[in-house]
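Each remark here refers to the structure printed beneath this line.
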Amino acid sequence: MMLPRAKTFTVPVGCFVCRKPMQRQLLDHSLPVCSGAGYHIFAGKEVSRALAKMSLVEEDCNGNLDDLTKHQLDVLQDWETKFQEKYEVVGQVVPPKQMTLQELSQYDGSIAGKPMYLAIRGTVFDVTTGKSFYGPDGVYPFAGRECARAFAMVSTEVEDCNDNLEDMSPAEMDSLRDWESRFYSKYPIIGNVQSESQRADAERQKSSRASQAA
């Protein structure tokens with residue numbers, strides 16, 4: 001639905017404006033937003049770079065500050081101060097977890113007090129609140145596993161918990177998408193499944209960056 005161009009609406013908006021690594025602050029505020037207003041592109045995004053550059057280009061809505069000048073970083077600092085004085089800080093951006101299947105298996109619901117996770121096509125969901133369904137004694141005892149194939153097949157067998165979808169029928173893929181939609185709307189996403197090779201590559205890149213910075 002297209003909003004009338006001449007009208008202005010006030011809507012709750014959240015954006016990230018703090019550049020501290022691992023501690024980006026999430027600000028909750030209301031801004032007048034209309035179809036022709038430039039700042040509407042900031043809603044729901046990390047906008048440190050855009051603010052530093054005084055840019056309304058959507059491609060600048062990210063946290064990359066590596067190539068900014070001292071003046072631009074000073075501009076960003078001014079923006080941060082203004083936002084923190086005027087708007088409520090409601091949280092921080094938490095980087096998504098990257099876990100191997102082995103690490104995922106540790107969150108199978110067998111240890112009291114520990115969260116319960118499962119993955120669908122590599123996306124890891126926190127299903128702790130659904131323990132009666134996905135825990136060890138549930139109808140779908142899939143916690144701690146990648147279970148795309150099982151959901152596509154509407155299978156309750158642990159043996160079907162993997163990401164192999166090569167032989168799935170269109171109907172089975174539709175079933176999987178229905179499950180995914182249900183999970184996206186009901187359970188928090190906490191990260192992604194990472195293969196052992198991806199983990200090794202990430203560690204090598206991390207070591208390389210550390211060496212270059214030393």
Side-chain angles (χ1 to χ4, degrees), residues 12 14-16 21-26 28 43-46 61-64 90-210:
C15 66
F16 312 117
M22 308 289 285
Q23 295 183 1
R24 292 194 178 97
Q25 294 176 330
L26 173 60
D28 183 19
K45 298 182 179 70
E46 157 67 71
C61 290
N62 59 66
N64 180 15
V90 297
Q92 295 179 341
V93 179
V94 179
K97 294 179 181 291
Q98 300 293 329
M99 56 179 63
T100 64
L101 288 175
Q102 177 61 39
E103 291 168 338
L104 178 63
S105 69
Q106 299 171 19
Y107 297 89
D108 61 357
S110 62
I111 301 177
K114 194 170 185 177
M116 196 170 65
Y117 303 156
L118 63 74
I120 303 177
R121 287 206 270 195
T123 300
V124 181
F125 297 89
D126 185 337
V127 295
T128 305
T129 58
K131 186 172 183 177
S132 60
F133 292 99
Y134 307 112
D137 298 320
V139 178
Y140 300 95
F142 298 161
R145 298 174 173 85
E146 161 61 68
C147 42
R149 184 179 180 86
F151 282 135
M153 297 171 61
V154 196
S155 168
T156 59
E157 301 299 323
V158 172
E159 290 74 15
D160 291 321
C161 287
N162 57 68
D163 61 355
N164 180 13
L165 303 173
E166 292 180 0
D167 59 342
M168 294 292 99
S169 68
E172 288 171 325
M173 292 304 297
D174 285 342
S175 173
L176 175 58
R177 283 188 282 270
D178 287 342
W179 278 103
E180 285 179 316
S181 178
R182 190 180 311 174
F183 272 73
Y184 277 116
S185 65
K186 189 171 183 179
Y187 298 111
I189 296 172
I190 58 91
N192 302 98
V193 173
Q194 188 178 52
S195 69
E196 295 291 350
S197 61
Q198 289 173 326
R199 171 66 59 82
D201 288 342
E203 290 297 331
R204 282 194 293 270
Q205 292 174 7
K206 182 178 178 180
S207 298
S208 176
R209 286 194 297 269

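Values reported hereafter were calculated over all heavy atoms of this structure, with side chains retained and with hydrogens, waters and symmetry mates removed. Nothing here was measured: the structure is a model prediction, and the numbers come from that model.
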**OP:** Return the minimal non-hydrogen interatomic distance between Met116 and Ala143, and the atom names on each side.
**Re:** CG-CB, 3.2 Å
Original post:
If every non-hydrogen atom of Met168 is compared with every non-hydrogen atom of Glu172, which pair is closest and at what distance?
Top reply: CA-OE1, 3.3 Å
**OP:** Please round to the nearest 0.5 Å and tell me the distance separating atom CZ of Phe151 and atom CZ of Phe142.
**Re:** 5.5 Å
Original post:
Does some side-chain heavy atom of Tyr107 sit less than 4.5 Å from a side-chain heavy atom of Asp126?
Top reply: no
**OP:** May I ask you to test the Val127-Tyr117 pair for a side-chain heavy-atom distance under 4.5 Å?
**Re:** no
**OP:** State whether the side chain of Asp163 and the backbone N or O of Leu165 hold a donor-acceptor pair below 3.5 Å, judged by distance alone.
**Re:** no
Original post:
With Ser110, which residues qualify under side chain to side chain donor-acceptor pair (under 3.5 Å), at least two apart?
Top reply: Asp108
Subject >> Minimum side-chain heavy-atom gap Ile190-Met99 below 4.5 Å >> reply: yes
Original post:
Under a 4.5 Å cut-off applied to non-hydrogen side-chain atoms, are Lys114 and Gln106 in contact?
Top reply: yes
Could you pull out all donor-acceptor pairs under 3.5 Å where a side-chain atom in residues 152-159 meets a protein atom, sequence neighbours excluded?
residue, atom, partner, partner atom, Å
Ser155, OG, Glu157, N, 3.0
Ser155, OG, Asp160, OD2, 2.6

**OP:** Check Pro96 against Gly191 and note the closest heavy-atom contact, atom names and distance.
**Re:** CB-CA, 3.9 Å
Original post:
Between Asn162 and Asn164, which heavy-atom pair has the shortest distance, and what is it?
Top reply: OD1-N, 2.9 Å
Original post:
Atom SG of Cys161 and atom CG of Leu101: how far apart are they, to the nearest 0.5 Å?
Top reply: 11.0 Å
**OP:** Quick one: which residue pairs count as a side-chain hydrogen bond (donor to acceptor under 3.5 Å, both in side chains) with a foot in residues 132-154, not counting sequence neighbours?
**Re:** Arg149-Asp167
Original post:
If every non-hydrogen atom of Glu180 is compared with every non-hydrogen atom of Ile120, which pair is closest and at what distance?
Top reply: CG-CG2, 3.5 Å
Subject >> Arg177 backbone acceptor or donor facing Ser181 side chain under 3.5 Å >> reply: no
**OP:** Indicate yes or no for a side-chain donor-acceptor contact from Ser105 to the backbone of Gln102 under 3.5 Å, with no hydrogens or angles considered.
**Re:** yes
Subject >> Minimum heavy-atom distance between Tyr184 and Thr123, given as atom pair plus value >> reply: OH-OG1, 3.6 Å
